[in-house]
2 protein chains.
Amino acid sequence: MDRIDAAILKSLAADARAPVSTIATQVGLSQSACTRRIQALEASGHVQGYGARLGHRRLGFRITALVDITLGTQVEEDLARFEAAVAQIDGVVECALVSGGQDYRLKILARDLDDYERLHREHLGRLPGVVTINSSFVLRSIPTRSEAEALFGGR
Amino acid sequence: MDRIDAAILKSLAADARAPVSTIATQVGLSQSACTRRIQALEASGHVQGYGARLGHRRLGFRITALVDITLGTQVEEDLARFEAAVAQIDGVVECALVSGGQDYRLKILARDLDDYERLHREHLGRLPGVVTINSSFVLRSIPTRSEAEALFGGR
DNA sequence: CTTCCATGCGCATCGGCGTTCCCAAGGAAA
DNA sequence: TTTCCTTGGGAACGCCGATGCGCATGGAAG
């Protein structure tokens, strides 16, 4: 992990489908060296995969909900049951157990408010062990540093 | 946007660097037809780009913080100033204005608690108009449906 | 200081992939 | 029915990516 690797990761994070030759030029390396480094980064787990950035809005999903959920108990078994149930729900794209009150934070995508209401009623409301559910809706997303920029220093 | 397009998007979301020929086989199309559809999806904004999934932990970033921030005012100018300042902070990878108390929710990556403390002191604490800052730390991430699965129906 | 070894780059090659033509088939409108 | 438009398949061409080889560099040992 040197400066060149960081540059490669930035480049891959910005455009994962860019030709290796392009990336190589950007970071000042030959194709072959760049290819080998990329393979090494994949093998070492620094790169875990590649994905497409989807246009939610364009796909008809206009609601992003950030949901806080608290459980009645903090027994590991109950947490596990809750997590297993959450993992089955369509629309839940992120879920994390967080400090500070032992609750969960989810990110949920939905087509519209009706769709979210349905999700809330049919799935969230039936999760085991839940005491409170608190939904916030994203009114506006602020562009931030990209993941790679955040990790390797700005801009 | 038919079933085939959805399948292509799922495939691209799962592995953006997969050869088109592989994707074509998966969705039951020829290479040429598949390429055309991918290009169309990119042009229409359904696909906005491709990125690498980075292994934060492996890269030395062990802290994921979810931060709630409330401002003193809701005047649009103040919001804009806040957002402009937030966008400059390294480590902030997501930021959204949400309903319910007119506050912001950020996701922040840091190397460790010391690093986060520094970030908090040097940057978060100096954001304009802030009244309260509430940090939660991710103790455990629960695997959920992928974005594509959430959008096009699970499995 | 010299020698050896390991690491990592660049070059060239070759196999495979992606893009782009062209043509055919199916459906809608006139 | 005819025409047009859309969309898929096939083949060719050019380009890309993976691998092997030779070489340079740097550090350690003698």
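Proteins get letters first, then strands, A, B, ... in listed order; numbering begins at 1 in each.
The closest donor-acceptor contact from the side chain of A/S99 to the backbone of B/F137 lies under 3.5 Å. In this structure a side-chain-to-backbone donor-acceptor pair under 3.5 Å is present from B/T35 to B/Q31. Using modelled atom types, no side-chain atom of A/R105 and backbone atom of A/L66 make a donor-acceptor pair closer than 3.5 Å.
There is no side-chain donor-acceptor pair under 3.5 Å between B/H123 and B/Q88.
The hydrophobic clustering, which links ILVMFWY residues whose side-chain heavy atoms are closer than 4.5 Å, places B/I23 and B/F152 together. Taking hydrophobic clusters as Ile, Leu, Val, Met, Phe, Trp and Tyr residues chained together by side-chain heavy-atom distances below 4.5 Å, B/L124 does not share a cluster with B/F61.
At the phosphate of D/dA18, neither OP1 nor OP2 sits under 4.0 Å from any side-chain N or O atom of A/S32. Contact annotation: A/T35 reaches the phosphate of D/dA18 (side-chain N/O to OP1 or OP2, under 4.0 Å).
Heavy atoms of A/S30 sit under 4.0 angstrom from at least one base atom.
At whole-Å resolution of the value, CD1 in A/I8 and C1' in D/dG17 are 14 Å apart. We find that CG of B/D2 is positioned 11 Å from C1' of D/dT7, with the value rounded to whole Å.
Nucleotides of DNA chain C lying under 4.0 Å from heavy atoms of chain A occupy a range whose first and last members, 5' to 3', are C/dC9 to C/dC11.
When each of B/Q39 and A/G28 is assigned the nucleotide of DNA chain C bearing its nearest heavy atom, the one mapping closer to the 5' terminus is A/G28. If you find the closest nucleotide of DNA chain D to A/Q31 and to A/R36, the one lying nearer the 5' end belongs to A/Q31.
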